[in-house]
Asker: 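First the structure, which I've put down as structure tokens, then a few questions once you've had a look.
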Amino acid sequence: MLEKAYDPKPVEEARLASWDAAKLSHSEPREGGRPFTIVIPPPNVTGALHIGHALNNSLQDAFIRHHRMLGQEACWVPGCDHGGIATQNVMEKQLKAEKVDRHALGREAFLERMQVWTRDCKKTILGQLHRLGASLDWQREAFTMDEPRAKAVFHAFKTLWERGLIYRGERLVNWCVRCGTALSDIEVEREERKGALYHIHYPLEDGGEGAVVATTRPITMFGDTAVAINPKDSRWRHLVGKRVRIPFTRVTIPIIEDDYVDFNFGTGCLKVTPAHDQNDYELGKRHGLPSVKAMTPDGKLSEAAGDYKGLSREKAHDQIIADLETQGYLRKKEDHKSAVQTCYRCGSFIEPLLSFQWFVKQIELAKAPLKSLDAGEFEIYPKNWEKPYRDWLVNIKDWCVSRQIWWGHRIPVWYCVTCTNPIAYLKSEIQIRTGSDAGMQTSQWSAKEILNGGYSFKDLISLDPYFEFEAGKDVDAESVKSFPGIRISSVRPASCEQCGNDHWYQDKDVLDTWFSSALWPLAVFGWPEKTKDLAYYYPTSTLVTGYEILYLWVARMQMMGHAFLDKPAFPDAVIHGIVRDKSGKKMSKSLGNVVDPLVMMEKYGTDALRFALMVNAHPGKDIAFDEQTVVAARNFVNKLWNSTRFVLMNLPETAPAGGYTLDTLSSRRLETADAWILSRYQATLAKARASLDAYDPAAAAEALYVFLWDEFCAWYIELAKGRLLGAEGADKDVARIILVQVLTGSLKALHPLMPFVTEEIYAALKPYAGEDAEFVLKGGYHELGHDWSDPAVEGEMSRVMGAVASIRSLRSQLNVPPGLKIKAVAEGPFAEAVIGKHRAYALALAQLESVEPVNGGRPAQSATAVADGVTFFIPLAGVIDFAKERERLAKDLAKAEGDIGKCEAKVKNLSAAASAPAEKVAEAKAQLDAALARRDRLKETIAVLS
RNA sequence: GCCCAGUUGGCGCAGUGGUAGCGCGCUCCCUUGACAUGGGAGAGGUCAUAGGUUCAAAUCCUAUACUGGGCACCA
């Protein structure tokens, strides 16, 4: 016999063990039919899983199990992502705590530590997924930086390079000063900040009144190479052609004209800093302005800033403002709000920084995904994400894929140091501003001079990582033909064909972590090898992820999928929301509102957590997570458990041969409740199935919850009790068959959402259900094989239920003790239906001693319950307070009047409309008649009482 | 600035043209032999606002307000 309360822990352990032993979640290519395939969004190896992962993976598991139940070969590939910057940051924090300097440790040792960390972290994450019940194909575990995936990354890089889609060039990129690396445009977050707009005077070179520029960032002034005005702006026309001096320096810069300048903003004078602002960069290019870096990659002011050199951004800002003020350069300061950019990994302010980076050309790659979207070969659920997705692809910019960190796939580019003439790679002239306020000067050094000055190419590389290979033009497959000495190779190339030496130097940068993630759906199946798995499982079926990585990941997978296999990586993407705290705030460690899924699983069981998430996982919507929901789900699990206990208690110790099956039922005599629950059951299964097909687990969860709790437990079980307590016989067996089959079938439908308890219960029920599947997943959903849908019986039953509810309500309001059986009499058009055919139901559920038809008028001193088509009188001589009873009935009457009003309006509307369907009119009239009848009953009753 | 979602009882959410629902919370009653992680009965909402379409609007359309998000930004 089952325990009184469900205890999840031992059940979960045992079930996991048996699933593992049976390799239940393993998939192999098989003949016939397309498989259902999902690749997991690989969690970063940055630590443990959070509640968002629990949601993401519960969803995927639900879909995977659903398709297994449907008999499809289903494959869900597990794995982790090395997580680039995010993971390196975790390690850097650890090192900081140990007071170890990363650079002192060195790249090799650092990477070794990362490997150890990764191994442990993967174990933790996969262990947690396992505990969640995720039916991942454990034999297919992949990692974005393991051997096969490295091959895929190299192959992808090489192929794109050969197609001319990869290049290296000097561009203004988003630079995270803290992480010390470039970021792609979509790795940058924006937030509105209150700040100030400073009006700064740039005097003419002769000291006269010059231009007043408006800027939010005075610290970039040392990188200014012009001041621009709008050609139509008469206020500043007189300055055109003249030169102004940057405050604190002797550097003079020209006044130029450009339509881009908005004369309504600030002073109408724009300081132009090509090295630190995207628009200025464009403007600088148009006017052939030089780019001067006012800041170094570590976020300090550069040589160009004279005495401010070496100050941090914040300190320099304060200092410069103070100095501008005391020296009279600051003309005005006004409040101004502007958007600042922050790093999505560490939150530091992003600097636009001019540097050499690797890029993937995107316009070509975006064409195929756009086409497949338009053709409906790729759909996003919910659909409203398709527009942003399309817009992003249409307006796509080249993807900066180089990162100046250590953790990642090293860029597979090698430079022959000796053979290649470094001069060819260097800009013919390198401009460096040196000196101080006293004597700022610009030096032009030719590359030849640098090398002649004793620096070797190799030295230059090691001197300054941002100084290397300053080629005069972009490097790509085409241009490199004139730069012999560059090789695309995953390993150190053999000696150079040209010079015979093997002085190779590998590019120091690593690839954006999303580069390897983009290849995930291909790489997990062995691409670029033409494997059997790839042929069978690719393209995958569905991708399930959050909207925050729609561009970062989903779009890129589609681009890569098309680029290499000419197909979308998946035809469906399910975009879910994020899990917030119960008041709707984003969870964050600093707010202290994070929910640990393991704690929830520990407290309430895994099924409860999963169900709580699923029942709220409305497509695309964020979830406000409240622990109370998990409690409710736990209670539901317990309800299932106990309903099973009840059913088992009422079954013989050993199941009859073949079990209690529905086969013979259609020819047997069914009670109303039997036919009703079968009809409801069929509808519920259909709803659950359709909902999961449509990626709407919340609808499936809701349907099953309501059916099992409110209809099956609260009504059907109660109504079946009479027969179950009675003598053995056909009637009893009918009840048993229905109890067993409906419960078993509902549990199967529920299995994708709560795998553990359903598996456990299934094991106990299956001999009675006449089944022998080893696991729920092996047996598939309950196929009814007969149409049990019966709207008439559902109507009949709802009338009985309404009648019962009216008596219960009356009892409660008259404070009749719940256990006290009372007598009732009834009248009305449906009295016979309720107290004749369904007398037993009324007696059992309304705790009546007897219910008889009215003989010779209403009983005196009785309370009245008016339901649709039947009125009950409950004689309560001496007990009733007539005043109270009248009050109670008056309330019912008011409600009835209200209903009549609404019904009358509806009937009137419908009758007036030529277009109204006849059945609707009839339905409305019936509703009105019922309401009218109820009102009349109530009025009569009140009259009698008065 | 543009675009997209959302605005329904105390809280969290369903509900896409025909008399407003669920979970939690709240009130009252009940330890009746599946389950107090339970049962029964209640209170509580003119569905953000203003127009419009329709016989009929929470539901469709248009504006407005607020909230959240995406994109793009004038320094």
Side-chain angles (χ1 to χ4, degrees), chain A residues 2 4-6 190 197 213-217 220 228 260-267 269-273 277-280 283 336 338-339 382 384-385 387-389 391-392 395 547-548 550-551 577 580 582-584 604 608 612 615-616 618 620-629 631-650 698-699 702 705-706 710 713-714 717-718 721 725 805 808-813 815-819 845 847 898-917 920 923-924 927-928 931:
Chain A
L2 305 179
K4 199 168 169 181
Y6 175 65
R190 285 191 173 80
L197 191 61
V213 302
T215 180
T216 53
R217 302 203 65 198
T220 62
Y260 166 74
V261 182
D262 177 0
F263 43 71
N264 291 321
F265 188 90
T267 60
C269 285
L270 169 69
K271 65 191 263 316
V272 184
T273 324
D277 182 276
Q278 190 61 47
N279 292 308
D280 291 9
L283 201 151
H336 181 255
S338 61
N384 54 295
W385 284 106
K387 190 174 146 53
Y389 173 84
D391 289 350
W392 186 77
N395 299 313
Y547 53 72
E548 70 277 10
L550 183 62
Y551 314 131
R580 297 166 176 278
K582 67 173 174 183
S583 56
Y604 306 107
V615 81
N616 282 303
H618 303 289
K621 291 205 146 183
D622 287 352
I623 293 175
F625 184 88
D626 188 342
E627 188 167 335
Q628 282 306 315
T629 318
V631 174
R634 187 271 317 261
N635 295 350
F636 178 50
V637 172
N638 193 57
K639 187 77 181 174
L640 294 177
W641 181 256
N642 275 292
S643 55
T644 307
R645 277 183 72 211
F646 172 80
V647 171
L648 290 173
M649 272 175 197
N650 286 286
E702 169 82 8
Y705 181 97
V706 169
D710 295 345
C713 290
I717 284 185
E718 292 309 318
K721 277 179 179 171
L725 293 171
R808 282 173 168 177
S809 177
L810 181 147
R811 291 179 59 118
S812 175
Q813 286 172 65
N815 289 322
V816 178
L845 297 182
Q847 288 289 326
D899 288 350
I900 288 165
K902 286 171 189 166
C903 289
E904 273 176 343
K906 188 173 162 190
V907 169
K908 203 176 138 198
N909 284 334
L910 283 163
S911 311
S915 58
K920 290 278 183 193
E923 187 189 296
Q927 282 169 352
L928 177 58

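Each chain gets a letter, A, B and so on, in the order the sequences are listed, and its residues count up from 1.
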Asker: Mind checking the OG1-CD spacing from A/Thr273 to A/Gln278? Nearest 0.5 Å is all I need.
Answerer: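 Rounded to the nearest 0.5 Å, the OG1-CD separation comes out at 13.0 Å.
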
Asker: Is A/Lys639 close enough to B/rG39 that one of its side-chain N or O atoms is under 4.0 Å from OP1 or OP2 there?
Answerer: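 Yes, because at least one side-chain N or O of A/Lys639 sits under 4.0 Å from OP1 or OP2 of B/rG39.
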
Asker: Hey, are A/Lys271 and A/Thr220 close enough side-chain-wise for a donor-acceptor pair under 3.5 Å?
Answerer: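 Judged by distance alone, the side chains do pair up.
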
Asker: If every non-hydrogen atom of A/Leu910 is compared with every non-hydrogen atom of A/Lys920, which pair is closest and at what distance?
Answerer: CD1-O, 3.8 Å

Asker: Looking at every strand, decide which applies to A/Arg808 at a 4.0 Å heavy-atom threshold: base, sugar-phosphate, or nothing.
Answerer: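 Result for A/Arg808 = sugar-phosphate.
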
Asker: Could you give the CG-to-P distance, from A/Leu640 to B/rG38, as a whole number of Å?
Answerer: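 Atom CG in A/Leu640 sits about 12 Å away from atom P in B/rG38.
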
Asker: Quickly work out the A/Gln847 CD to B/rG39 P distance and round it to whole Å.
Answerer: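 For the pair A/Gln847 CD and B/rG39 P, the rounded distance is 16 Å.
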
Asker: Answer with base, sugar-phosphate or nothing: what part of the nucleic acid does A/Ala632 contact at a heavy-atom distance below 4.0 Å?
Answerer: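 The residue A/Ala632 makes sugar-phosphate contact but no base contact.
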
Asker: Between B/rA72 and B/rG12, how far is it from one C1' atom to the other, in whole Å?
Answerer: 34 Å

Asker: Out of B/rU19, B/rG38, B/rA34, which has the shortest distance to the side chain of A/Cys903?
Answerer: B/rU19

Asker: Please report the distance separating the C1' of B/rU37 from the corresponding atom of B/rG23, rounded so that it comes out in whole Å.
Answerer: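 Nearest-Å result for B/rU37 against B/rG23 at atom C1': 15 Å.
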
Asker: Given B/rA75, B/rU19, B/rC30, identify the nucleotide with an atom nearest to the side chain of A/Ser338.
Answerer: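 Closest nucleotide among those given: B/rA75.
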
Asker: Taking B/rC47 as the reference, what is the distance to B/rA14 when you measure between their C1' atoms (whole Å, please)?
Answerer: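 Those two atoms are separated by 13 Å.
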
Asker: Establish, with yes or no, whether the OP1 or OP2 oxygen of B/rG40 is under 4.0 angstrom from a side-chain nitrogen or oxygen of A/Arg811.
Answerer: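 No, no such contact exists.
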
Asker: To the side chain of A/Tyr551, which of B/rC71, B/rG33, B/rU37 is closest?
Answerer: B/rC71

Asker: Hey, are the side chains of A/Tyr705 and A/Val615 touching, using non-hydrogen atoms and a 4.5 Å cut-off?
Answerer: no

Asker: Of A/Lys582 and A/Asn264, whose nearest nucleotide on RNA chain B comes first from the 5' end?
Answerer: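 By nearest-heavy-atom nucleotide position, the 5'-most residue is A/Lys582.
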
Asker: In whole Å, what is the span from the CD atom of A/Glu548 to the P atom of B/rG69?
Answerer: 13 Å

Asker: So do the side chains of A/Leu270 and A/Asp280 get within less than 4.5 Å of each other, counting heavy atoms only?
Answerer: yes

Asker: Using the C1' atom as the point on both nucleotides, what is the distance between B/rA5 and B/rA43, in whole Å?
Answerer: 34 Å

Asker: Could you tell me whether A/Ser809 contacts a base, only the sugar-phosphate backbone, or nothing, with contacts defined as non-hydrogen atoms closer than 4.0 Å?
Answerer: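 Contact class for A/Ser809: sugar-phosphate only.
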
Asker: Can you check whether A/Leu640's main-chain N or O pairs, donor with acceptor, with A/Thr644's side chain at less than 3.5 Å?
Answerer: yes

Asker: Taking only the side-chain heavy atoms of A/Pro818 (C-beta and beyond), determine which of B/rA34, B/rU37, B/rC29 contains the nearest atom.
Answerer: B/rC29

Asker: Would you indicate, yes or no, if B/rA75 has its OP1 or OP2 atom less than 4.0 angstrom from a side-chain nitrogen or oxygen of A/His336?
Answerer: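 Yes, such a contact exists.
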
Asker: Describe, in one word, how the ring planes of A/Tyr6 and A/Trp641 are oriented to each other, choosing from parallel (under 30°), tilted (30 to 60°) and perpendicular (over 60°).
Answerer: tilted

Asker: With heavy atoms under 4.0 Å as the rule, sort A/Lys920 into base, sugar-phosphate or nothing.
Answerer: base

Asker: Using atom CZ of A/Arg190 as one end and atom P of B/rC71 as the other, report the distance to the nearest whole Å.
Answerer: 8 Å

Asker: Side chain of A/Asn642, backbone of A/Ala5: donor and acceptor closer than 3.5 Å?
Answerer: no

Asker: Would you indicate which nucleotide in B/rG18, B/rG40, B/rA75 comes nearest to any side-chain atom of A/Ser812?
Answerer: B/rG40

Asker: How about A/Val631 and A/Arg634: do any of their side-chain heavy atoms sit closer than 4.5 Å?
Answerer: yes

Asker: Which sits closer to the 5' end of RNA chain B, A/Cys713 or A/His618, going by the nucleotide each is nearest to?
Answerer: A/His618

Asker: Side chain of A/Asn384, heavy atoms from C-beta onward: which of B/rC22, B/rA75, B/rC4 has the nearest atom to it?
Answerer: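 The nucleotide sitting nearest to the side chain is B/rC4.
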
Asker: Kindly indicate whether the side chain of A/Gln847, heavy atoms from C-beta on, has any atom under 4.5 Å from the side chain of A/Arg808.
Answerer: no

Asker: Take atom P in B/rC71 and the same atom in B/rU16, then report the distance between them in whole Å.
Answerer: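 One P to the other, the span is 30 Å.
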
Asker: Looking at B/rA75, B/rA72, B/rA34, which one has an atom nearest to any side-chain atom of A/Phe265?
Answerer: B/rA75

Asker: Write down the distance separating the C1' atoms in B/rG15 and B/rA58, rounded off to the nearest Å.
Answerer: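 To the nearest whole Å, 9 Å.
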
Asker: Can you sort out which residues in residues 620-627 of chain A have a heavy atom within less than 4.0 Å of RNA chain B? Ascending by number, please.
Answerer: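 Close to the strand are A/Lys621, A/Ala624.
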
Asker: Looking at the side chain of A/Asp262, which of B/rC71, B/rA75, B/rU19 is the nearest nucleotide?
Answerer: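 Selected nucleotide: B/rA75.
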
Asker: Using a distance-only test with no angle check, is there a side-chain donor-acceptor pair under 3.5 angstrom linking A/Lys906 and A/Gln927?
Answerer: yes

Asker: Taking 4.0 Å as the cut-off, does a side-chain nitrogen or oxygen of A/Gln628 come that near to OP1 or OP2 on B/rG12?
Answerer: no

Asker: Do A/Lys721 and A/Phe646 form a cation-pi contact, if we require the NZ or CZ to be under 6.0 Å from the six-membered ring centre and within 45 degrees of the ring's axis?
Answerer: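 Because its charged atom sits under 6.0 Å from the ring centre and within 45° of the axis, A/Lys721 does stack over A/Phe646.
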
Asker: Is the phosphate of B/rG18 approached by A/Lys902 (side-chain N or O, under 4.0 Å from OP1 or OP2)?
Answerer: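 So the side-chain polar atoms of A/Lys902 never come under 4.0 Å of the phosphate oxygens OP1 or OP2 of B/rG18.
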
Asker: Based on Watson-Crick and G-U pairs with both distances under 3.5 Å, what dot-bracket line describes RNA chain B 5' to 3', crossing pairs as [ ] and inter-strand pairs as |?
Answerer: ((((((((.[[[[.)..(..]]]].(((((.......))))).....[[[[[..)....]]]]])))))))....

Asker: How would nucleotides 53-58 of chain B be written as a contact map, 5' to 3', with B for base contact, S for sugar-phosphate-only contact and - for no contact, using protein heavy atoms under 4.0 Å?
Answerer: --BS--

Asker: Using atom P in both nucleotides, what's the gap between B/rC24 and B/rA36 to the nearest angstrom?
Answerer: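 Comparing P positions in B/rC24 and B/rA36 gives a spacing of 16 Å.
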
Asker: Taking any heavy-atom pair under 4.0 Å as a contact, classify A/Gln813: base, sugar-phosphate, or nothing.
Answerer: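 Sugar-phosphate, no base atom in range.
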
Asker: Taking atom C1' of B/rA36 as reference, at what distance in whole Å does atom CH2 of A/Trp641 sit?
Answerer: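 Computing the A/Trp641:CH2 to B/rA36:C1' distance gives 19 Å.
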
Asker: Between A/Asp391 and A/Tyr551, is there a side-chain heavy-atom distance shorter than 4.5 Å?
Answerer: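 In short, these two side chains do not touch, never coming nearer than 4.5 Å.
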
Asker: Using a 3.5 Å distance criterion without hydrogens, assess whether the side chain of A/Arg580 forms a donor-acceptor pair with backbone atoms of A/Phe625.
Answerer: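 No; judged by distance alone, with no hydrogens or angles, the pair does not exist.
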
Asker: Just to be sure I understand the rule, does A/Cys269 reach a base, reach only the sugar-phosphate, or reach nothing, if contact means heavy atoms closer than 4.0 Å?
Answerer: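 No contact.
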
Asker: Taking atom P in both B/rC3 and B/rU64, compute the distance separating them and give it to the nearest angstrom.
Answerer: 11 Å

Asker: I need the CG-P distance between A/Leu197 and B/rC73, as an integer number of Å.
Answerer: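 Distance, rounded to whole Å: 19 Å.
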
Asker: Please report, rounded to the nearest Å, how far the P atom of B/rC71 is from the NZ atom of A/Lys387.
Answerer: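 In whole Å, B/rC71 P lies 13 Å from A/Lys387 NZ.
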
Asker: Evaluate A/Tyr547 against A/Asp622 for side-chain hydrogen bond (donor to acceptor under 3.5 Å, both in side chains), listing each step before the verdict.
Answerer: CA-CA 10 Å; A/Tyr547 53 72; A/Asp622 287 352; 3.0 Å; yes

Asker: Between A/Glu702 (CD) and B/rC24 (P), how many Å, whole number?
Answerer: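 Nearest whole value for this atom pair: 12 Å.
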
